[in-house]
Amino acid sequence: RGRPDEQALTFRRSKMTTSFTKMLSGRNTAMLLASLGAGTMATAYLMTDSNTVSAEQRRKLYPPSADFPDLRKHNNCMAHALTPAIYAKLRDKVTPNNWTLDQCIQTGVDNPGHPFIKTVGMVAGDEESYEVFADIFDPVIKDRHNGYDPRTMKHPTDLDASKITNGVFDEKYVLSSRVRTGRSIRGLSLPPCCSRSERREVERVAVQALAGLKGDLAGRYYSLGDMTEKEQQQLIDDHFLFDKPVSPLLTCAFMARDWPDGRGIWHNNEKTFLIWINEEDHTRVISMEKGGNMKRVFERFCRGLQQVEKLIKERGWEFMWNEHLGYILTCPSNLGTGLRAGVHVKLPNLSRDNRFGKILENLRLQKRGTGGVDTAATGDTFDISNNDRLGKSEVELVQLVIDGVNYLIECEKKLERGQDIKVPAPIGQFRK
Amino acid sequence: MAKNVHNDYKMKFSVDEEYPDLSLHNNHMAKVLTKEMYSKLRSKSTPSGFTLDDCIQTGVDNPGHPFIMTVGCVAGDEESYEVFKDLFDPIISDRHGGYKPTDKHKTDLNFENLKGGDDLDPAYVLSSRVRTGRSIKGYTLPPHNSRAERRMVEKLSIEALATLDGEFKGKYYPLNGMTDAEQDQLINDHFLFDKPVSPLLLAAGMARDWPDARGIWHNESKSFLVWVNEEDHLRVISMEKGGNMKEVFRRFCVGLNKIEEIFKKHNHGFMWNEHLGFVLTCPSNLGTGLRGGVHVKLPKLSTHPKFEEILTRLRLQKRGTGGVDTASVGGIFDISNADRLGSSEVQQVQLVVDGVKLMVEMEKKLEKGESIDGMIPAQK
């Protein structure tokens with residue numbers, strides 16, 4: 001059931017190529033500028049239409065100040081960055097897909113946040129959002145990514161897994177290893193904004209490309225709406241199945257519309273390479289295995305990503321990327337590499353040491369419970385992964401996790417032996 | 001409120017590409033929305049930019065329940081019912097007992113036309129309540145409105161309500177700004193409404209910017225209550241303990257008429273037309289938007305095999321005492337009118353008054369061990 005009919009696809013694809021080519025050529029300037037990360041307002045449009053109230057009249061009736069959200073109780077990056085002046089400048093602008101500032105920030109308005117956790121509070125509806133609304137995205141990106149300035153700084157992309165050293169952990173401590181990222185298909189709007197046809201096109205493009213993977217990467221696709229109960233149960237048992245989002249952070253950002261239309265899961269036969277389609281991003285790519293061979297996990301990750309990219313390029317598609325923001329994803333927190341590399345690791349002694357938090361902080365690592373973000377750790381097993389996404393390459397971040405986890409294991413061993421441990425010096429944040 | 005460019009962009013995709021998958025759906029919208037209808041309507045937009053996809057999103061996202069038939073679409077503004085007539089008319093007909101596009105709806109808020117209603121036995125009828133909704137002309141509705149519009153609706157409402165006096169003198173409590181003490185009191189009085197959790201409302205965009213510009217107004221005697229910017233611009237409620245539905249309805253009509261006068265003076269009357277009556281967000285509330293009901297003890301009657309049939313014949317519906325979708329507790333039911341469109345306020349409340357009176361008599365008969373077969377009413 002997972003493999004789409006090649007002939008039908010080719011026919012549809014050629015029809016879609018024509019209509020997409022037309023659309024793409026129509027927005028070429030915007031896309032070109034977007035892909036260069038150009039710092040101009042050339043991609044912004046002010047819409048007027050003689051059939052409706054003119055922009056001037058509307059502005060008089062409802063000036064931006066009348067619409068400015070009440071953010072006094074809010075604690076997220078958007079709320080801290082959005083001033084009435086920025087709002088007034090951007091309120092009436094639209095991206096080429098008609099996405100507005102209000103739509104970007106709706107999730108942050110509706111979710112004031114937690115006093116201790118600072119959420120981002122805004123999303124992009126398309127690639128152009130990051131440009132059209134740069135006046136608000138840039139400070140949010142700076143806040144979230146430790147001062148990274150998209151106007152002046154460049155993000156390095158490096159998917160050469162051969163550079164990784166010491167990437168095999170002691171399996172007495174590391175139970176599993178995993179690397180994930182996301183990829184967006186250029187020319188199609190993102191999950192908060194996309195129409196049903198765009199979402200279905202993302203599914204088609206991705207599934208067709210994945211059908212071309214061979215060897216250890218060969219696999220199959222399970223559409224969320226069409227899978228059998230047996231397939232569903234298997235995917236649950238494998239911990240692969242994703243469900244309709246319940247987090248208000250996502251539902252308020254319009255990402256659950258039309259569920260489960262156009263959503264699905266692809267995985268290879270060996271169950272070590274997994275793609276989520278149309279969940280929070282166009283695609284989420286995950287490489288994983290039990291045990292401590294992070295080098296192999298990352299090698300497969302890079303190989304898989306590069307092959308998928310080659311396969312979509314053959315059909316005239318590409319990933320959203322530019323040299324300032326790296327890979328473009330829905331949430332600004334996932335810009336750059338969009339990469340989270342992590343392990344499930346047993347640290348019974350270290351986790352009880354009151355220096356644990358500081359050690360993690362200096363190593364630029366974060367801990368989560370083994371259920372993922374927002375879960376608490378059970379027992380002595382932690383999910384340890386990189387904090388950063390933007391400003392360092394994939395290779396650098398994975399190496400950072402490897403070196404950091406090796407250090408944590410050394411600390412654990414020392415404490416087992418009754419020896420003392422040292423808090424390491426803090427790691428620098430951006431490549432010099 | 002600009003021209004919807006994204007909707008124009010979607011026209012480049014075929015109908016087949018955009019048409020929603022409704023194969024698992026059981027709501028009014030899914031029943032009527034064919035590909036042909038979708039094709040005809042999808043390029044349209046109301047003057048404020050509301051589109052067909054906006055109307056139906058809630059129905060696409062909520063396939064429905066096999067036993068309960070939800071509506072599955074909402075209006076974003078007054079014009080939605082006109083621009084998307086082809087969609088709304090068959091749904092209205094289906095939901096409102098065959099109401100035709102050419103039918104006229106009668107509005108009657110003259111409480112003196114109600115017969116009886118002051119003699120419901122308080123040993124059985126614990127409380128009486130009448131509610132309706134009102135939309136303010138010139139503003140878009142909760143699924144679509146901007147923060148500025150919602151705040152204007154609140155501002156106008158506060159101004160209007162502040163001029164009421166006598167039995168209607170009261171106070172406004174904005175959701176975002178009430179003290180803890182005020183909040184506790186409103187909860188204890190069962191007045192406080194909270195951010196919607198129902199996916200039917202959330203998927204229709206009605207909880208955006210919560211709790212901005214939402215609030216509760218009530219009079220000093222706590223018998224007349226107005227909700228601002230929940231599921232509709234205004235929800236107006238008259239209530240009291242006991243069975244004096246006549247008084248509840250009098251206060252309802254008098255209060256509503258006073259409020260309407262004030263809004264009209266400011267050139268912002270209520271959305272109303274002679275075909276659909278009062279225009280509200282959900283098509284199920286068109287017409288009177290009125291739900292008049294009681295909390296009544298019917299432990300024996302409710303377990304009688306003919307209970308459902310009796311309700312149907314009396315044109316009444318039952319709910320648990322927590323409101324729609326709750327179960328009854330201790331044999332106490334919320335009994336109210338089933339109809340909204342095609343009959344007037346007086347007619348609908350009359351049905352409640354007459355029907356509840358009859359059911360209480362049936363309950364008393366059953367208590368004495370007597371049969372009620374001779375009392376089963378004809379279909380109203």
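Sequence lines set the chain letters: A, B, ... in the order given, protein chains first and strands last, and positions in each chain run from 1.
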A.B. asks: Run the numbers on N176(B) and R72(A) for side chain to side chain contact (heavy atoms under 4.5 Å, CB included), then give the verdict.
C.D. replies: CA-CA 11 Å; N176(B) 196 20; R72(A) 288 171 297 169; 4.2 Å; yes
A.B. asks: Got a second to check how far K12(B)'s NZ is from S197(A)'s OG, nearest 0.5 Å?
C.D. replies: 12.0 Å
A.B. asks: Is there side-chain contact between Q57(B) and F254(A), with at least one heavy-atom pair below 4.5 Å?
C.D. replies: no
A.B. asks: Can D70(A) and R147(B) be counted as an ion pair, charged N to O under 4.0 angstrom?
C.D. replies: no
A.B. asks: Please find the pair of heavy atoms, one from W210(B) and one from D110(A), that lie closest to each other, and give the distance.
C.D. replies: N-OD1, 3.9 Å
A.B. asks: Mind checking which of residues 35-42 of chain B sit less than 4.5 Å from chain A, heavy atom to heavy atom?
C.D. replies: Y38(B)
A.B. asks: Using non-hydrogen atoms and a 4.5 Å limit, figure out which bit of L71(A) sits close to chain B: side chain, backbone, both or neither.
C.D. replies: neither
A.B. asks: Where does E18(B) contact chain A at under 4.5 Å (heavy atoms): side chain, backbone, both or neither?
C.D. replies: both
A.B. asks: I'd like to check the ring-ring contact (aromatic ring centres under 6.0 Å, His included) partners of W227(B); sequence neighbours left out, ordered by chain and number.
C.D. replies: F193(B)
A.B. asks: Side chain, backbone, both or neither: which part of D53(B) has a non-hydrogen atom closer than 4.5 Å to chain A?
C.D. replies: side chain
A.B. asks: Where do Y62(A) and A148(B) come nearest, in terms of heavy atoms and distance?
C.D. replies: CD2-CB, 3.5 Å
A.B. asks: Measure R151(B) against the heavy atoms of chain A and call it side chain, backbone, both or neither at under 4.5 Å.
C.D. replies: side chain
A.B. asks: As an exercise: rank T100(A), T107(A), V109(A) by heavy-atom pairs under 4.5 Å with chain B and give me the winner.
C.D. replies: V109(A)
A.B. asks: For R200(A), which atoms come within 4.5 Å of any heavy atom of chain B: side chain, backbone, both, or neither?
C.D. replies: side chain
A.B. asks: At a 4.5 Å cut-off on heavy atoms, which part of D258(A) comes close to chain B: side chain, backbone, both, or neither?
C.D. replies: both
A.B. asks: Measuring from D67(A):CG to R150(B):CZ, what's the distance to the nearest 0.5 Å?
C.D. replies: 9.5 Å
A.B. asks: Please test R196(A) against F13(B) for side chain to side chain contact (heavy atoms under 4.5 Å, CB included), starting from the C-alpha separation and ending with a verdict.
C.D. replies: CA-CA 10 Å; R196(A) 279 180 293 275; F13(B) 298 90; over 6 Å; no
A.B. asks: ring-ring contact (aromatic ring centres under 6.0 Å, His included) with H74(A): which residues, sequence neighbours excluded?
C.D. replies: none
A.B. asks: From L202(B) CG over to C252(A) SG, what is the distance, rounded to the nearest 0.5 angstrom?
C.D. replies: 7.5 Å
A.B. asks: Can you list every salt bridge (charged side-chain N to carboxylate O under 4.0 Å, His left out) pair that touches residues 195-205 of chain B, not counting sequence neighbours?
C.D. replies: none
